[in-house]
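Computed over heavy atoms, backbone and side chain alike; hydrogens, waters and symmetry mates excluded. Order of listing sets the numbers, starting from 1, for every ligand and every atom in it. Keep in mind the model is a prediction, meaning the values are calculated, not measured.
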Amino acid sequence: MNDRVRKAVFPAGGLGTRFLPATKVIPKEMLALVDKPIIQYGVEEAIASGIEHIIIVTGRGKSAMEDHFDVSFELDATLERRGKHELLAVSRGVATMARVNYVRQKEPLGLGHAVLCAKELVGNEPFAVILPDDVIDADPPCLKQMIDVFEEKHGSVLATMTIDGQAISAYGVLAGSPDPDNPRIYNCTGMVEKPKLQDAPSNQAIIGRYVLTPRVFELLEQTKPGAGGEIQLTDGIKALLKEEKVFGYTFEGKRFDAGDKFGMLQATVEYALKRPEFGDKFRAYLKELVC
Ligand code: G1P
């Protein structure tokens, strides 16, 4: 088995119902956060973390993502003719930033099933999973932090965050205990997808970044539908835990749930404030609004 994490799988076949009506025609992964589709943030994070090969699991009506990471001949020719060199570089940059392959998830059978669709493209090597809805602002990038842990601990790594109260029921939740030597690392003994608050084994929620060993594919093939009647990635990793070590990792950085309207608004404000071209102007505008 090649031990280097070179490939990242982006499950992007979902319907995006939390963002209707915007996502009736446009894939939710293509919604713009300031001026970039949210999936591009994940792809840039993967590349900055050393990933060489992006695998996007798409579905019906999701072809805008393929066009986005492809060359747009007409657009580029027009920008060139008009002497818009900076914009041309932006357009070309997106098309050349990574090697991207696509695989279709023919039925929406769940996140575990979506990841399983990438089995042939990943092969027998460890790989990352990035859920594009979870936009993470971090330096070093969240996935890079996790790959470092994977290389040190030789076991799968799941990004985690502390979530208190009822909100825990929207997540996969870990059972286990913090590592005595490194409080950011959580030694997993179990996990459960979307538990009721009273059944949650801890307040450690799984966030959409994973570094997994390829054994998980075989286990996902045997995973029966779980929470919500879907084949859950959490259940596949729970089976992996019987054979291999799995760690939670509290990443350094800030996560936004950009698949949710309120989360997208928060991300929009924070990412806009960081933009050198208009951050100060936007800050002044916000101050004016709240005064
Ligand atoms: C998925 C996973 C869940 C994880 C969450 C993180 O759920 O199934 O374990 O906690 O992503 O965002 P979803 O948000 O797709 O319902």
request  = Work out whether the distance between some heavy atom of E230 and some atom of ligand 1 is less than 4.0 Å.
outcome  = no
Checklist entry - Any non-hydrogen atom of D134 lying under 4.0 Å from ligand 1? => result yes
for atom 16 (O) of ligand 1, nearest protein heavy atom and its distance come out as K194 NZ, 2.7 Å
of all protein heavy atoms, closest to atom 9 (O) of ligand 1 is E193 OE1, 2.7 Å
Under a plain distance cut-off of 3.5 Å, with no hydrogens placed, do [Y] and [X] share a side-chain donor-acceptor pair?
{"X": "S91", "Y": "D76", "answer": "yes"}
{"X": "T213", "Y": "E244", "answer": "yes"}
{"X": "Q40", "Y": "H68", "answer": "yes"}

At a 4.0 Å threshold, what atoms of ligand 1 neighbour a non-hydrogen atom of [X]?
{"X": "R255", "value": "12 (O)"}
{"X": "Y171", "value": "10 (O)"}
{"X": "L131", "value": "1 (C), 11 (O)"}
{"X": "T234", "value": "9 (O)"}
{"X": "Q232", "value": "8 (O)"}

Notebook entry, point to check: For atom 14 (O) of ligand 1, is the nearest protein heavy atom closer than 4.0 Å?
Noted result: no
Check whether NZ of the Lys or CZ of the Arg K194 lies under 6.0 Å from the centre of the six-membered ring of Y171 and within 45 degrees of that ring's axis. no
In this structure, NZ of K106 is separated from CZ of R60 (nearest 0.5 Å) by 12.5 Å
Here the gap from I55 atom CD1 to Y102 atom OH, rounded to the nearest 0.5 Å, amounts to 11.5 Å
Atom 5 (C) of ligand 1: of L111, D260, I206, V129, the nearest heavy atom sits on I206
Is it the case that the side chain of S169 and the backbone of P195 share a donor-acceptor pair, with hydrogens and angles ignored and the cut-off at 3.5 Å? yes
Exercise for review: Examine F127 together with F217 and report whether their ring centres are nearer than 6.0 Å.
Suggested key: yes
